[in-house]
**Q** 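Input: one structure, supplied below.
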Amino acid sequence: MYKKITKNEKVTRKISDAHSADNYLTKETTENISLAINRLDGKLDLIKTVNERVFYFISADVDFTIDNEKVHFEDGEVLYLSKDTNYSANGRFEAIVVNSPAFGVIKE
């Protein structure tokens, strides 16, 4: 099985005034993994992951606070977050974000 997803099929979600996501691969296709292009220009409020999450920063100048530790990210770097990790961010980025299982799917 395969599925080609074109840029015309993406679903853009405005998460906040500073944060948006172009959703390409979603739980409607497979519950195992999701993929989106996220953009931030400002502050990202505290989030607790309910799944594993990977950010590949296409462009970035952003500070993440991960479980109370401040970490800076720039273009071409990768951030892996395990399940139940708390994080927030401040700055700007465009990133490919992969979730396993897919965003919105909670597996115990």
Side-chain angles (χ1 to χ4, degrees):
M1 181 217 153
Y2 80 94
K3 179 168 176 70
K4 177 181 178 181
I5 303 162
T6 68
K7 60 185 173 188
N8 295 329
E9 294 175 278
K10 73 180 180 200
V11 176
T12 300
R13 183 169 56 106
K14 185 176 179 179
I15 300 164
S16 71
D17 287 341
H19 187 203
S20 66
D22 292 338
N23 297 286
Y24 286 87
L25 183 61
T26 66
K27 66 182 179 182
E28 283 72 31
T29 303
T30 175
E31 291 188 352
N32 297 321
I33 194 165
S34 63
L35 183 140
I37 306 296
N38 284 27
R39 291 173 190 81
L40 178 71
D41 190 4
K43 184 178 178 187
L44 177 67
D45 291 329
L46 185 66
I47 296 172
K48 182 176 185 173
T49 60
V50 294
N51 48 23
E52 292 181 283
R53 183 167 294 161
V54 176
F55 289 78
Y56 169 76
F57 295 103
I58 299 165
S59 63
D61 183 11
V62 63
D63 293 315
F64 273 68
T65 301
I66 305 164
D67 289 335
N68 297 314
E69 181 180 342
K70 188 174 177 180
V71 184
H72 184 76
F73 291 92
E74 297 179 350
D75 305 2
E77 295 182 327
V78 172
L79 167 60
Y80 165 76
L81 298 168
S82 62
K83 180 180 175 182
D84 297 326
T85 301
N86 294 303
Y87 72 95
S88 61
N90 194 10
R92 61 149 195 86
F93 71 73
E94 179 177 34
I96 298 168
V97 179
V98 177
N99 289 282
S100 178
F103 183 81
V105 174
I106 300 172
K107 294 187 177 182
E108 296 299 323

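From a predicted model like this one, the values you see are computed outputs, not experimental measurements. By convention here, the first residue in the shown sequence is residue 1.
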**Q** Backbone N or O of Arg13 within a donor-acceptor pair of the Ser20 side chain at under 3.5 Å?
**A** no
**Q** Tell me whether the count of non-hydrogen atoms from other residues, nucleotides or ligands lying under 6.0 Å of CD in Glu69 goes above 12.
**A** no
**Q** Shared ILVMFWY cluster between Leu25 and Val97, side chains joined below 4.5 angstrom?
**A** no
**Q** Is it the case that more than 12 heavy atoms not belonging to Asp17 sit under 6.0 Å from its CG atom?
**A** no
**Q** Determine whether a donor-acceptor pair (N or O, by modelled atom type, separation under 3.5 Å) exists between the side chain of Thr49 and the backbone of Thr85.
**A** yes
**Q** Do the side-chain N and O atoms of Thr12 and Asp22 include a donor-acceptor pair separated by under 3.5 angstrom?
**A** yes
**Q** Could you pull out the closest heavy-atom pair between Ser34 and Thr26, with the gap in Å?
**A** CB-CA, 4.3 Å
**Q** Is Ile33 reachable from Tyr80 through a run of I, L, V, M, F, W or Y residues, each pair having side-chain heavy atoms under 4.5 Å apart?
**A** yes
**Q** Is there a donor-acceptor pair closer than 3.5 Å between any side-chain N or O of Asp67 and the backbone N or O of Asn86?
**A** yes
**Q** Once rounded to the nearest 0.5 Å, what's the spacing between atom CZ of Phe57 and atom CD1 of Ile96?
**A** 11.0 Å
**Q** Would a 4.5 Å heavy-atom cut-off, applied to side chains only, mark Arg39 and Ile37 as touching?
**A** yes
**Q** Taking all non-hydrogen atoms of both residues into account, name the closest pair between Gly104 and Lys27 and its distance.
**A** O-NZ, 3.8 Å
**Q** So with a 6.0 Å cut-off around CZ of Phe103, is the heavy-atom count from everything else above 12?
**A** no
**Q** Can any side-chain N or O of Asn23 pair as donor or acceptor with the backbone N or O of Val11 at less than 3.5 Å?
**A** yes
**Q** Please report the closest heavy-atom contact between Tyr87 and Arg53, naming both atoms and the distance.
**A** OH-NH1, 2.7 Å
**Q** Could you go through Phe55 and Phe73, starting from their C-alpha distance and side-chain angles, then the distance that decides it, and tell me whether this counts as ring-ring contact (aromatic ring centres under 6.0 Å, His included)?
**A** CA-CA 10 Å; Phe55 289 78; Phe73 291 92; 8.2 Å; no
**Q** Taking everything shown except Asn68 itself, do over 12 heavy atoms lie less than 6.0 Å from its CG?
**A** no
**Q** Can you give me the closest heavy-atom contact between Gly42 and Ala18, atom names plus distance?
**A** CA-CB, 4.0 Å
**Q** Side-chain contact test, heavy atoms from C-beta onward, threshold under 4.5 Å: evaluate it for Lys10 versus Ile5 and give yes or no.
**A** no
**Q** Judged by atom type as modelled, is there a donor-acceptor pair below 3.5 Å linking the side chain of Asp75 to the main-chain atoms of Ala60?
**A** yes
**Q** Taking C-beta and beyond as the side chain, do Ile66 and Leu79 meet within less than 4.5 Å on heavy atoms?
**A** yes
**Q** State yes or no: do Ile15 and Ile47 share one hydrophobic cluster built from I, L, V, M, F, W and Y residues joined by side-chain heavy-atom distances below 4.5 Å, directly or via other members?
**A** no
**Q** For a quick test of reading the model, state the closest non-hydrogen atom pair linking Asn32 to Ser100 and the distance between them.
**A** O-OG, 3.3 Å
**Q** Decide side-chain contact (heavy atoms from CB on, under 4.5 Å) for Arg92 and Ser59; before the verdict, give the C-alpha distance in whole Å, the side-chain angles of both, and the deciding distance to 0.1 Å.
**A** CA-CA 8 Å; Arg92 61 149 195 86; Ser59 63; 3.9 Å; yes
**Q** Does Val54 form a side-chain contact (heavy atoms from CB on, under 4.5 Å) with Glu52? I'd like the steps, not just the answer.
**A** CA-CA 7 Å; Val54 176; Glu52 292 181 283; over 6 Å; no
**Q** For a 4.5 angstrom cut-off between non-hydrogen side-chain atoms, does Asp61 reach His72?
**A** yes
**Q** For the hydrophobic clusters of this structure (ILVMFWY residues joined by side-chain heavy atoms under 4.5 Å, transitively), does one cluster hold both Val78 and Ile58?
**A** yes
**Q** When rounded to the nearest 0.5 angstrom, what distance separates CE in Met1 from OG1 in Thr30?
**A** 7.5 Å
**Q** Less than 4.5 Å apart, any side-chain heavy atom of Pro101 and any of Glu31?
**A** no
**Q** Is there a side-chain contact between Val98 and Tyr56, using heavy atoms and a 4.5 Å cut-off?
**A** no
